[in-house]
Amino acid sequence: MAKRKDFSVTRLPGFATIALTAFVALYLPIVTLVVYSFNGSETVAIWGGFSLRWYGIAWDNTQVQEATLRSLIIAASAAGIATTVATMAALATTRTGRFKGETLIYVMINQPLMVPEIVTAVALLIVFAAVKVATGYTGLGYLILAHAAFCIPFAYLPIRARLEGMDLSLEIAASDLYATPWQTFRRVTLPLMMPGVIAGAMLAFVISLDDVIITEFVKSAGQDTLPTYMLGQLRRAVTPEVNAISTALLGLTVLMLTAFFILTRTRD
Amino acid sequence: MPTPPAVEAISARKTYGDGQAAVVALKDVSVQIGKGEFFTLLGPSGCGKTTLLRLIAGFETPTAGQILLDGNDITADPPNLRPINTVFQNYALFPHLTVAQNVGFGLEMQGRPRREVEETAAEMLALVKLEAMANRRCSQLSGGQQQRVALARALAPRPKVLLLDEPLSALDLKLRKEMQSELKRLQTETGITFIFVTHDQEEALTMSDRIGVMSAGKILQIGSPRDIYTKPANRFVADFIGETNFLSADLSGQTLTLPGGFRIDLTPAQTKGRQGQVTVALRPEQIRPADQGLSATVTQLVYFGTDMHSHARLSDGTEVVARMQTSPSGEAALHEGQAITLGFAPEAIQVLED
Ligand SMILES: Nc1ncnc2c1ncn2[C@@H]1O[C@H](COP(=O)(O)OP(=O)(O)O)[C@@H](O)[C@H]1O
Ligand SMILES: [Mg+2]
């Protein structure tokens, strides 16, 4: 976009104040959270000196261990499913001629972004309850499916963006050079769309990792994920253990999102 | 049995879109291109050159008509089953592969052994003088180098036909001249049939064995560069290729009456049986000052160094341009406002189709 030289938002009155307020509002709570995760005292509110004590406690807590493992399994499976579906959907919506109902499909894929999460949660609760009665299956499958569903648009958007930015003549060139449609996909389309696919998968993973609402509704007894476990803890005594877990989660998310931005920015 | 042409299009028609928005990009084009020929499709932008190439390559299916390769109908074959390769206007090199991998891609997809792929790729890179770049990424190459990689990549599988869609249009003038002779050399060395697309008439004239001049979805004339230039079939071809003067004249028998009443006799090959009102073309370089000819008044003199363009007005008001040699001193023998008689050989006259 062309920049207008004579106009700069930084010169508007109050710019610095507003910017500063926004940054403080955004980051002060997080900084507090992180700082207090190194709190040596028994309670969150009172500073008891620097210590890694609560990290140790969280690390040794079998409930935390189990919830973490469960969260990772669900996030990895859901991200895997969502990315596969999203990749196929992105290919179908960018690599075919325009077809009737394309907009409708686009809306359907992105439905989870528009329907309030609580509605989806209740709906899933009702459907899965019926399925549970019918099949007797009570495993992690429900959570994985539910997470996969709401992760699809997050995986879809970066993949689609990547595909749209790709030069179609590369695929035509491959077919000109004797590649079958499958070879064209394997040797040209897939490698070129890979940064988008990885970005989509990571975004889906992160979104699944911190979901509370749908998980809370869909999970069976003893199926706490890390976020729902923490929510449960907050209802009782609040210890800096929650800060420690949150900080660890934050670290992981920041890491993945950084990788996401690096991947989506590489254009060749 | 005579050998069939390398490529033949039979009444190939292509319509994009449908209903109100339909665009007829090709209107029943028929053309035969011989084995080992350097054939050029020449025409202004939007006349359907790329569309015809895409039909031959198989990227599009014709709405009607057929495409033959060595006499076999390939209309329904997908591009990967046609032994035809393309040099794309934007090169379309694979950014995730090295130069050598790009060049070897076609052979690899054909399932040739690895050793052969590598050897042929190296050979092709040598042919386009890019051996040193084999392991670079394509994005690290200059435009001219990318162009040569695209060429090597398309030649490596030894296609029966090579299609080149305005391959030189993105290059600067000097590089373009270089690549023109390079392409010509490669075509002679490999003996592959080249179908070359350009909108540059000079490029077409200097490189081709034959030229097909296109306009608005049709091929208007097919012929050698000399034929196209000296015997344009119609006004569009005469106008598009080089500079031309158009004169209205009257044919009666073999006698042509030009503006101002000047008469000459034409051969039957020139008149093609036409009678009455006709338009004739006369190239500026065929006109000289003479004792007999068209009476005109010099209106403007433009000095070009190698020659002088004299603009003159005929008695019926038609503007005519004549190219005349400059004298060694560079001085003009003419001056503006002077009355002059413009002479030419009768063979220089081309009677045009309507
Ligand atoms: N994919 C397409 N969809 C619709 N119209 C097209 C398409 N490709 C080409 N055309 C139209 O067909 C005509 C011929 O185009 P093209 O073959 O690209 O011409 P050229 O290569 O001679 O410039 C043009 O009017 C162009 O707008
Ligand atoms: Mg074109």
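Residue numbers start from 1 in every chain, and the chains themselves are labelled A, B, ... in the order their sequence lines are given, proteins ahead of strands.
- Inter-residue side-chain proximity for A:I172 and B:F88 is flagged as met; some heavy-atom pair is nearer than 4.5 Å.
- Considering OG1 of A:T180 and CE of B:M109, their distance stands at 8.0 Å, rounded to 0.5 Å.
- With a 4.5 angstrom heavy-atom cutoff, B:L81 does not touch chain A via any of its atoms.
- Under the 3.5 Å distance criterion, with hydrogens and angles disregarded, a donor-acceptor pair is assigned to the side chains of A:D167 and B:N90.
- In B:D18, the CG atom is not crowded: 12 or fewer heavy atoms of neighbouring residues, nucleotides or ligands sit closer than 6.0 Å.
- B:F105 approaches A:R187 most closely through the heavy-atom pair CE1-CB, 4.1 Å.
- Within 6.0 Å of CZ in A:R186 there are 12 or fewer heavy atoms belonging to other residues, nucleotides or ligands.
- In this structure the side chain of A:L170 reaches within 4.5 angstrom of the side chain of B:P95, judged on heavy atoms.
- Of the listed residues B:A154, B:P83, B:C138, the one with more heavy-atom pairs under 4.5 angstrom with chain A than any other is B:P83.
- Of the residues considered (A:S169, A:S175, A:P181), A:S175 shows the highest number of contacts with chain B, using heavy-atom pairs under 4.5 Å.
- Counting heavy-atom neighbours within 6.0 Å of A:Y27 OH, excluding the residue itself, gives a total of 12 or less.
- With a 6.0 Å radius and a threshold of 12 heavy atoms from other residues, nucleotides or ligands, B:R158 has its CZ atom at or below the threshold.
- Of the atoms belonging to B:L163, not a single heavy atom falls under 4.5 Å from chain A.
- Among residues 116-131 of chain B, no residue has any heavy atom closer than 4.5 Å to a heavy atom of chain A.
- In this structure, B:L107 CG and A:Y178 OH are separated by 8.5 Å, a value rounded to the nearest 0.5 Å.
- The contact between B:R82 and chain A is made entirely by backbone atoms, counting heavy-atom distances below 4.5 Å.
- Using a 3.5 Å distance cut-off with no hydrogens or angles, the side chains of A:D176 and B:T86 do pair a donor with an acceptor.
- Per-residue heavy-atom pair counts under 4.5 Å with chain A were compared for B:S139, B:P157, B:G111, and the maximum is reached by B:P157.
- Contacts of B:F94 with chain A are made by both backbone and side-chain atoms, with heavy-atom separations under 4.5 Å.
- Residue A:L177 holds its CG atom at 5.0 Å from CZ of B:R153, rounded to the nearest 0.5 Å.
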Could you give the side-chain donor-acceptor pairs of residues 81-91 of chain A under 3.5 Å, partners two or more places apart or in another chain?
unit_1 : atom_1 : unit_2 : atom_2 : d
A:T83  : OG1    : A:A79  : O      : 2.5
A:T84  : OG1    : A:G80  : O      : 2.7
A:T87  : OG1    : A:T83  : O      : 2.6

